[in-house]
Enquirer: 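Below you'll find the structure I mean.
As a basis for the values below, the full set of heavy atoms in this structure was taken, side chains included, without hydrogen atoms, waters or symmetry mates. Every chain is numbered from 1, with letters handed out A, B, ... down the list of sequences.
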Amino acid sequence: MFKAVSTEVRFPDLEQRVLQFWKANRVYQRTLEQRSGGPSFVFYEGPPTANGMPHPGHCLTRAIKDLFPRYRTMRGYHCLRKAGWDTHGLPVEVEVCKELGIHGKDEIESYGVEPFIQRCQQSVWRYMQQWEQLTERLGFWIDLNEAYVTYHQSYVESVWWSLKNLFDRGLLYRGYKIVWWWAQGGTALSSGEVGQGYRQVADPSVYVRFNLVDQPNTSLIVWTTTPWTLPSNQFAAVHPDLTYAVCDDGSGKKLIVAEALVATLAEKAKLTLQVEKTIQGIEMIGWRYQPPFDYYSSKLGSAQGTLKSGGKEHLYWRVVAADFVTTDSGTGLVHLAPAFGEVDFDVLIKQQERFVSGEEPKLICAVGPDGKFTADVPSLQGVWVKDADKTVTRSLREAELLYHQEQYLHDYPFCWRADQDPLIQYPRESWFIKTTAFRDAMLANNKQIGWLPDHIRDGRFGNFLESNVDWALSRERYWGTPLPIWVCEKTGQMEALGSYEELLKKPGVEGTDVWLKAKAANPELVDDLKVHKPYIDAITYSSPYAAGSRMRRVSEVIDCWYDSGAMPFAQWGYPHQGKEQFAKQFPADFISEAIDQTRGWFYSQLAISTMLFGEQDTSANAQAKSDVPAQAYPHPFRNCIVLGLMLAEWYESKDGKRRFLTEDEARKECGTQYVSKTGKMSKQLRNYRSPQEIFDNHGADALRWYFFANQAPWNSIIYSERAIRDSIPEFLLRLWNVLSFFTIYGEIDGFRGPGDIEGKLDQLNADELQRSPRYRPVAERDELDRWVLSELSLASEEVVRCMDAYDNYGACQRLIALVDGLSNWYIRRSRERFWAEDVNGVDKVDAYWTAYECLVTITKLIAPFVPFTAEAIWQELIRPAAGRVRESVHLCDYPTAIAEYQDRDLAVQMATLREIASLGRSARMDSKLKVRQPLSRVEVVLAEHTHLAWLQNHAAMLREELNVKSIEYPERADDYVQYTVVPNFRRLGPRVGPLLPKVKAALGAASGAALLTQLQETGQVRLQLDATEVVLDREDIEVRLQAKPGWAAAQGKQCVVVLNTELTPELIREGLAKDLNRVIGDMRKKQQCKFTDRIRLVMVGDFAELEQMLAEQQASIMQAALITEIVRTAPASVALEKVELGNYEVEIGIQVVSD
RNA sequence: GCGCGCGUAGCUCAGUUGGUUAGAGCGCGUCGCUGAUAACGACGAGGUCCAUGGUUCGAAUCCAUGCGUGCGCACCA
């Protein structure tokens, strides 16, 4: 038996019960077991880092990551969902430093690397519980117990294996790199970190004279905002195509700047610059100049080297060509200090390549890694670079080399965690992966990936790949995967190792005792630490390259993005173990993260996979790859949904001092003095609610549905509590109300549903339901039943099509329309059938079965989207057959189309009928005739008569819906309606092209009614346009209607509905009866009558007109409201209420009669 | 600065290969319905589809330029 389900549902409570149910019955595990023989759907979890609190953005990614695996599982696929955690990296170290109150590498070293990394390892799990709780509460089904963890030994060794592979193929090399350097902390920062720290500052900007060696009294003017780099100057750059001007400044000194900037520079220095002649940049190349400081030039000023092309050239302080020189700012001449600028450094590399080996210019660098000047510059030794700006400027002025000085406002990066520390660009030795060798391969791979939205492929991601630079892999830090390269201390020869075991097998291994001692001293230490610093650093072995020499590991760890990008194989420990799993679970069918991962996880995965498993190998040492299977593109993921970023919505007092999360609070506190804001979510601003609060107040399904159904997932989405709350009534609650309606009457009527089906039941598909003795063939049922089942099938088909294309938004739109049709048309139109007296009436039972089948199917359809609500509804629906069907909706197969149910004509017909009903109500509204007042007649004028016969057959439904006595469909209604004939543009456009405006004009000019007659009689319309005759058939034109003024009419696209507004006394009395019925219904409800209670109606007052109404309508009133008798005098026991019926006032009361 | 995305109703967003009356939800207003009822329905107001130019018989849609905005990259030597 069904049990009446209350409309008052609290989703958060319901969800808690569902969670318990899932746990108690191992539902998730069983969904996997059940599909173990099915085809694989491979999903990869992009590992979050658990050392920060999860926030609403993570809910979005986790919801999407849950949706498609659930869907595919119901479609029969076996979808493993291995969780993962990203555990290495600077953020972890920073957290630990904060905790310890220390700052910078020196302090870490003095604290001790060993205890430091032990703390890092523990810190990684700090918010683990919150993460697991959020994951579970959101309904994200994933195997947390078997999560991969990037610091685990097996994971690290997988990464090592891949690095050894790259190293052996010559793809891992050591080089210099200009990095953003945090001098106080002694570390380079990743571009992401640098990006966080930009802010606007005013820096001194100086225009400096570089005196030319071979042209007395003439100088180049260069500009810089970093005066402290001038002592390290090596070159001056010009653009070869720019025109430069030699000017006289009035004092006899000559200076050279870009011609375009002469006026600007004259104004700056308040000088008159007389242009003497102009010269092309290309002609200046090779000119030598005197650098502003002679710390290096005193020794190297005349140094020369041999060119590869023959001949000799001075190594330093000459003019070179560079394409990046512009006249947007500065002077068109650029000071180059290769040590402190990436582009400057590239110029040096190019210069070095021109000279024979050993004679090239070297890097000049007057600053140490601590950001202070070295002994190379005695007058500034030990001075912090930014503090040197003033001194440098003063010296320039004294040497009469300063042309002009001013403040310059620009954005400059500071350390994101020590915001007083400016970053400097600085050369560091670094390990690189030669990703540039795989640029084309990565592009080819990328081409095959199914990106959503697809502009990512050629847009953001494609562009990023196009401009690929070698991956700077190493980090001079502590907590990360150690770079597995050992160097011979004598010869510098290097070897990469692919596992810990391989290391232990090396000859003459020493240093393993460091770990053993640590472990002995503290048995709690996790074994995974032995492959980390400092234990791994302690292990050395005999060099095969020089007798007596040791092999020692380089000190660096690697970029943690490499860790995450290696997860397709490292999650299984491949290839040291897990070969089978890897073979089955590669590549992924589906991944999803937010757009910020474009250069993060999306790239690191693609790059590593392309290099290791790519189709073609462009590297020098390809055979080293032979143990790895090559894979056809795309890999390692086939489809990727790139999510938009999540924004916060909050309210602020107008002075910006107070923030509120809801508008109500803001209004309460500030009256009207508040503004609404949207922007980035910020921990500091506390401008968003914790996900937990949303779960507690509105439920996880509300949040999920809001994410899935409100916009395409790649749009940015506002995390708005109001919007989340609003998503409940429009879908979840509406569906719940249908369930409630169904179960209330199902219980009253004793409808047994699947309970009366004999034999084996499984998942209540149509073929099972039809075994019920009372389930009649759909074709024999009422048209409304066939309509809603057709909608059900069409929707199933469409939802499957959308979901197969990863279009959750489209799927949700279709589901909303389906539930709306069920609730607001099917159930509403069928209520009388459910209320029918005869419990076993065929029509009534049909209605039950139809509604039941819809509910069962919809529950399955929505299960991946709102798993909690779906489960709760399922449990109610299976109640009569509990124990005989699948225990959970999530164990069912996903519904697909049932071809026999589909009737596209009927769908169009019903839509037309619904439109007519809507227009009828609209016309009533205009004439102020409420729906309860019956009318004698409406006329419906159709533009197009295809469905006329059908509509005529359904007059009854419309009569009821519109509360009218008769409906007529006049063929022509020239009295009410004006016909306009317009061409069918889509059809005629290609055929008549430029003539189309004339066709339109000709059709417009002719009488619409006449054209229509012509069309009806001959089947075509002939138009004479200038020289050509155009023949139009029925399909070529479209008839539009317009209601003529003066009628109670409403007009839609397809038809006009005209009301007869004449009211007879009889109609008015009928209206009164309907009013009375409503009043009684209200009273029943107010007095909390049971649905089945019979009542006595007491009605006192001056009747007159009402008397006749009662006489006519008594039977129907009594039946509708379960009235046993109508009493005209009031017994004392009944409370009376004054009510208005039409223009009459009466007193009415009701009293429940016992049986 | 470069790249990518976005600009449609008060707000949040749809808008299918270009087709002539641009839609939805929320909010607002009016009205209605009433034993699914803290739900539901109808109607209304509200739009120079960012601007300009172009292609076309026809542009919210395609192209160009500009403006605004978000994100990413880079950073002015």
Enquirer: Heavy atoms, side chains only, cut-off 4.5 Å: are A/F741 and A/V5 in contact?
Expert: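 They are not in side-chain contact.
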Enquirer: Can you check the distance between B/rG72 and B/rC28, where both ends of the measurement are the P atom (answer in whole Å)?
Expert: 36 Å
Enquirer: Would you please indicate yes or no on a ring centroid separation below 6.0 angstrom for A/Y603 and A/W471?
Expert: yes
Enquirer: Both A/N737 and A/R828 contact RNA chain B. Which one's nearest nucleotide lies toward the 5' end?
Expert: A/R828
Enquirer: With a 4.5 Å limit on heavy-atom distance, are the side chains of A/I827 and A/N737 in contact?
Expert: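 No. Closest side-chain heavy atoms not under 4.5 Å.
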Enquirer: What's the gap between B/rA22 and B/rA60 when it is taken at their C1' atoms, as a whole Å value?
Expert: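 Here B/rA22 and B/rA60 have their C1' atoms 8 Å from each other.
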Enquirer: Give the nucleotide from the list B/rC26, B/rC57, B/rG5 with an atom nearest to the side chain of A/L996.
Expert: B/rC57
Enquirer: Among B/rG3, B/rC57, B/rA77, which nucleotide sits nearest the side chain of A/H335?
Expert: B/rA77
Enquirer: Which nucleotide, B/rC40, B/rC73, B/rA77, lies nearest any side-chain atom of A/R734?
Expert: B/rC40
Enquirer: Between A/D820 and A/R828, is there a salt bridge with N-O shorter than 4.0 Å?
Expert: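 Result for this pair is no, no salt bridge flagged.
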Enquirer: In terms of side-chain heavy atoms of A/N463, which of B/rA36, B/rA77, B/rG3 is nearest?
Expert: B/rG3
Enquirer: Please check: side-chain N/O of A/Y848 versus main-chain N/O of A/Y745, any donor-acceptor pairing under 3.5 Å?
Expert: yes
Enquirer: Using whole Å, what does the distance between atom P of nucleotide B/rG72 and atom OH of A/Y603 come to?
Expert: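 Atom OH in A/Y603 sits about 19 Å away from atom P in B/rG72.
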Enquirer: So what does A/G989 hit on the nucleic acid, given a heavy-atom distance under 4.0 Å: a base, only sugar-phosphate, or nothing?
Expert: base
Enquirer: Taking any heavy-atom pair under 4.0 Å as a contact, classify A/Q425: base, sugar-phosphate, or nothing.
Expert: sugar-phosphate
Enquirer: Taking the side chain of A/W223 as its heavy atoms from C-beta onward, which of B/rA77, B/rC4, B/rA36 lies nearest to it?
Expert: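 Looking only at side-chain atoms, A/W223 lies closest to B/rA77.
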Enquirer: Take atom CD of A/Q234 and atom P of B/rA77, then tell me their distance rounded to the nearest Å.
Expert: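 Between P of B/rA77 and CD of A/Q234: 18 Å.
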Enquirer: Return yes if the base of B/rU17 and the side-chain atoms of A/R986 contain a donor-acceptor N/O pair under 3.5 Å, otherwise no.
Expert: yes
Enquirer: Name the pairing partner of B/rU17, where a pair is Watson-Crick or G-U wobble with both distances under 3.5 Å, or state none.
Expert: none
Enquirer: Quick check on RNA chain B: between A/G459 and A/Y809, whose nearest nucleotide comes earlier from the 5' end?
Expert: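 Looking at RNA chain B, the more 5' nearest nucleotide goes with A/G459.
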Enquirer: Between B/rG23 and B/rC49, how far apart are the two C1' atoms, rounded to whole Å?
Expert: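 Per the computed distance, 12 Å lies between those C1' atoms.
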Enquirer: Considering only heavy atoms from C-beta outward, does the side chain of A/H698 approach that of A/F11 to under 4.5 Å?
Expert: no
Enquirer: Please determine, for B/rA77, whether a Watson-Crick or G-U wobble partner exists with both distances under 3.5 Å, and give it or none.
Expert: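 When the pairing criteria are applied, nothing turns out to pair with B/rA77, so the answer is none.
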Enquirer: State which of B/rG5, B/rC26, B/rA36 makes the closest approach to the side chain of A/R722.
Expert: B/rC26
Enquirer: Starting at CG of A/D1036 and ending at P of B/rC57, how long is that distance when rounded to a whole Å?
Expert: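 Answer to the nearest Å: 19 Å.
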Enquirer: Mind calculating the distance between CD1 (A/I744) and C1' (B/rA36) to the nearest angstrom?
Expert: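 After rounding, the reported distance stands at 6 Å.
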Enquirer: At less than 3.5 Å, do the side-chain atoms of A/R460 and the base atoms of B/rC71 form a donor-acceptor pair?
Expert: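 Flag set: donor-acceptor pair detected.
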Enquirer: Please determine, for B/rA42, whether a Watson-Crick or G-U wobble partner exists with both distances under 3.5 Å, and give it or none.
Expert: B/rU30
Enquirer: Taking the six-membered ring for Trp, are A/Y852 and A/F2 ring centroids under 6.0 Å apart?
Expert: yes
Enquirer: Could you tell me whether A/F345 and A/F340 have their ring centroids closer than 6.0 angstrom?
Expert: no
Enquirer: Looking at B/rU69, which nucleotide sits across from it as a Watson-Crick or G-U wobble partner, both distances under 3.5 angstrom, or is there none?
Expert: B/rG5
Enquirer: Please state the C1' separation for the pair B/rA42 and B/rU52 - nearest whole angstrom.
Expert: 42 Å
Enquirer: To the side chain of A/D344, which of B/rA77, B/rC40, B/rC75 is closest?
Expert: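 Within the option list, the nearest is B/rA77.
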Enquirer: Base, sugar-phosphate, or nothing: which does A/V738 touch, judged by heavy atoms less than 4.0 Å apart?
Expert: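 The answer is base, as A/V738 lies within the cut-off (heavy atoms under 4.0 Å) of a base atom.
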Enquirer: Say you pick atom C1' in B/rU56 and the same atom in B/rA64; how far apart are they, in whole Å?
Expert: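 16 Å, rounded to whole Å.
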Enquirer: Classify the angle between the aromatic ring planes of A/W451 and A/F461 as parallel (below 30°), tilted (30 to 60°) or perpendicular (above 60°).
Expert: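 Rings of A/W451 and A/F461: tilted, 30 to 60°.
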Enquirer: Once you round it to whole Å, what is the distance between P of B/rU34 and CD1 of A/I1080?
Expert: 12 Å
Enquirer: Compare the minimum distances between each of B/rC26, B/rA38, B/rA36 and the side chain of A/S823, then state the nucleotide with the smallest one.
Expert: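 Closest of the options to the side chain of A/S823: B/rA36.
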Enquirer: Using purine N1 to pyrimidine N3 plus N6-O4 or O6-N4 for Watson-Crick, or N1-O2 and O6-N3 for G-U wobble, both under 3.5 Å, which nucleotide pairs with B/rU52?
Expert: B/rA64
Enquirer: Using the C1' atom on both, measure B/rG47 against B/rA9 and round to a whole Å.
Expert: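 After rounding to an integer number of Å, I get 6 Å for this pair.
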Enquirer: Ignoring the backbone of A/I827, work out which of B/rA77, B/rC4, B/rA36 is nearest its side chain.
Expert: B/rA36
Enquirer: If you measure from the C1' atom in B/rG10 to the same atom in B/rA45, how many Å do you get, rounded?
Expert: 11 Å
Enquirer: Atom CG of A/D458 and atom C1' of B/rG5: how far apart are they, to the nearest Å?
Expert: 14 Å
Enquirer: Which whole number of Å gives the distance between the C1' atom of B/rG1 and that of B/rG44?
Expert: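 The same atom, C1', in both gives a distance of 50 Å.
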Enquirer: Please classify the nucleic acid contact of A/N710 as base, sugar-phosphate, or nothing, using heavy-atom distances under 4.0 Å.
Expert: sugar-phosphate
Enquirer: Determine whether a donor-acceptor pair (one donor, one acceptor, N or O, separation below 3.5 Å) exists between the side chain of A/T229 and the base of B/rA77.
Expert: no
Enquirer: Of the nucleotides B/rC57, B/rC40, B/rA77, which one has an atom closest to the side chain of A/N824?
Expert: B/rC40
Enquirer: Quick one: A/K998 NZ to B/rC57 C1', roughly how many Å, whole number?
Expert: 11 Å
Enquirer: Would you kindly give the CD1-to-C1' distance between A/I717 and B/rG25, to the nearest whole Å?
Expert: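 So the CD1-C1' distance, A/I717 to B/rG25, works out to 14 Å.
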Enquirer: Does A/W736 reach a base, just sugar-phosphate, or nothing at all? Heavy atoms under 4.0 Å.
Expert: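 A/W736: no heavy atom of the nucleic acid under 4.0 Å.
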Enquirer: Taking pairing as Watson-Crick or G-U wobble with both contacts under 3.5 Å, can you name the mate of B/rA22, or confirm there isn't one?
Expert: none
